[in-house]
Structure formats: structure tokens, C-alpha cells
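A quick write-up on the structure given underneath.
Everything numeric in this text was worked out from a predicted model, so none of it was measured.
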Amino acid sequence: MFFALIFVCNRIFQIVTLIPTMGMLAWFVDGYNKANALTPISILVLFIVSVIALAWALFTLFSYHRSSANAFFVGIVDILIFGALIAAVYELRGIADVDCTSVSKSSDWTYHLGDVTVTGSGYDWKTDKPCAMLKASWAFGIINVILFFVTALVAFGHGDRLTAYDRKHHHSSRSHHSSRHSHRSRSHSGSRHSHRSSPHRRVYV
């Protein structure tokens, strides 16, 4: 129950954050392709890793029963995606120090409230759309680094419990089978011994 709750909640959160990440980075890739230019490695790496991570998250969520039975394999793939996301976030680290919003002073504003006049300074807020999209993708990448690390740990823990249960079940079934076999052999040898030791009576007429 604990594995199901943590696994499903993290998978849903991964999908919710990976879909906009893939969409925003796809906008950049499409723009570079239309301009016949090479997509920067920092954008391309995070885009490819996001596509793979999203496909894996969707597959393991919708085939949950299979994922639960193969929890150790799921943990291995999750830890690989975790490492790939770290590399992708590191490649795009330069966007962290960029200020995507600029504030500039505009003309003063004036409001007339009856006999009272209120004036003040006006400001214009401008946000660079490509910069904001890259920064949001980078932030979502960091979030998914944490999420995939959590799901990998949960999957490894669930896989260890399944392995221990399988070993215990296999050992108990073998013990039960061997005890039944030894009991059957003892009963069979006892019947043969009693059959041989019983005296044969001869009746003369």
C-alpha cells in the first residue's frame, strides 16, 4: 500500500511537470529547425531526456501491476533517468543567473477622485518569453531529479521485499514438499516392513 501511494503520486506529478517541459523545449527545437540552425546542446539534451522520462512515466503508471511485480527493474531505469536529468540540468545551468523580467519607468499616472487628485509613477513590466520558458524548463528539470530519485528508492525497497518474500515462500514450499516426501517414504517403508515381518500361516486339511 505504501509503495502504491508513493509510486502513483510521484508518477502523476512527474507527468504533470514533464508535459509542459517537453512542450516548451519542443517550441525551441522547432524554431531552430525552421531557421535551419542547430539546436543548442543545453536545450536538446533536456528535451530528449524529458521525452524519454515522460514515456517511461506514462508506461509504468498505466501498467502499474506489471511495474509492481518488476519493481527492481523499474528502480534501475528510474535511477538512470535520474542521472540523465542531472546531466541535462547541469548543461542548462547558465539560465539560472539570467533575469527574464525587466522593469522600466513609464509616464506618470493621474487619478481624479472628486476634489482630490492622485498622481504616481508608472512602471512597465516586460518578460522575455524564451528566457522565461527556458527557466521554467530548467526548474521542472530540477523537480524531476528529486521525483525520479524518490521513485527509484521506493521501487528498490519494494523489489527487496518482493525478493525476500519469494525466497521465503520458495523455502517454505521446498520444506513442505520434502516433509511430505519423507513422510510418504517412511510410511511406505513401514508398510513394507510390516508386510515382511508378518508370519505366513499354513493350514493343513
Side-chain angles (χ1 to χ4, degrees), residues 1-102 125-162:
M1 184 62 185
F2 176 76
F3 170 76
L5 180 64
I6 299 298
F7 184 81
V8 172
C9 289
N10 275 275
R11 276 292 188 256
I12 292 174
F13 198 23
Q14 287 167 0
I15 293 170
V16 169
T17 53
L18 283 170
I19 288 176
T21 302
M22 187 187 69
M24 288 185 290
L25 295 176
W27 182 81
F28 285 99
V29 174
D30 182 66
Y32 280 103
N33 286 336
K34 288 181 178 179
N36 292 325
L38 293 176
T39 305
I41 297 297
S42 58
I43 297 175
L44 192 60
V45 170
L46 185 57
F47 174 70
I48 293 173
V49 175
S50 299
V51 172
I52 295 173
L54 178 60
W56 176 248
L58 288 170
F59 174 75
T60 51
L61 180 63
F62 289 113
S63 59
Y64 167 73
H65 295 291
R66 186 180 300 176
S67 301
S68 178
N70 300 312
F72 192 77
F73 175 74
V74 172
I76 291 176
V77 177
D78 274 27
I79 207 69
L80 291 175
I81 295 176
F82 161 75
L85 282 169
I86 290 178
V89 168
Y90 180 78
E91 283 289 333
L92 198 59
R93 67 191 182 280
I95 197 67
D97 298 328
V98 178
D99 188 7
C100 300
T101 303
S102 59
W125 295 76
K126 294 182 180 179
T127 301
D128 187 1
K129 179 182 175 182
C131 175
M133 291 171 66
L134 278 180
K135 204 159 191 175
S137 300
W138 183 73
F140 283 144
I142 295 175
I143 292 172
N144 278 280
V145 167
I146 300 171
L147 293 176
F148 273 95
F149 181 71
V150 172
T151 52
L153 290 181
V154 173
F156 280 134
H158 187 68
D160 290 340
R161 284 195 296 269
L162 285 179

Min side-chain heavy-atom separation [X]-[Y] under 4.5 Å:
| X | Y | answer |
| --- | --- | --- |
| T151 | F82 | no |
| V74 | F156 | no |
| V150 | Q14 | no |
| V51 | I48 | no |
| L18 | F140 | no |
| F7 | L61 | no |
| D99 | T101 | yes |

Less than 4.0 Å between a side-chain N and a carboxylate O, is that true for D128 and K135?
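Salt bridge between K135 and D128, a charged N being under 4.0 Å from a carboxylate O: no.
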
Of all heavy-atom pairs between [X] and [Y], which one has the smallest distance, and what is that distance?
| X | Y | answer |
| --- | --- | --- |
| G75 | A152 | O-CB, 3.8 Å |
| L46 | S50 | O-OG, 2.6 Å |
| W138 | L92 | CD1-O, 3.4 Å |

Quick one: [atom1] on [X] to [atom2] on [Y], what's the gap to the nearest 0.5 Å?
| X | Y | atom1 | atom2 | value |
| --- | --- | --- | --- | --- |
| I79 | L153 | CD1 | CG | 6.5 Å |
| M133 | L25 | CE | CG | 8.0 Å |
| L58 | I12 | CG | CD1 | 11.0 Å |
| F73 | T60 | CZ | OG1 | 10.5 Å |
| L85 | I52 | CG | CD1 | 10.0 Å |
| S137 | N144 | OG | CG | 11.0 Å |

Donor-acceptor pair, distance only, cut-off 3.5 Å: does the side chain of R11 make one with the backbone of V8?
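Pair absent, no side-chain N/O of R11 close to backbone of V8.
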
Please identify each residue that fulfils disulfide bond (SG atoms under 2.5 Å apart) with C131, with sequence neighbours left out.
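Counting only residues at least two positions away or on another chain, C131 forms a disulfide bond (SG atoms under 2.5 Å apart) with C100.
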
Throw together a table of side-chain donor-acceptor distances under 3.5 angstrom for residues 27-34, partners on residues two or more places apart or in other chains.
| residue | atom | partner | partner atom | Å |
| --- | --- | --- | --- | --- |
| D30 | OD2 | K34 | NZ | 3.2 |
| N33 | ND2 | V29 | O | 3.2 |

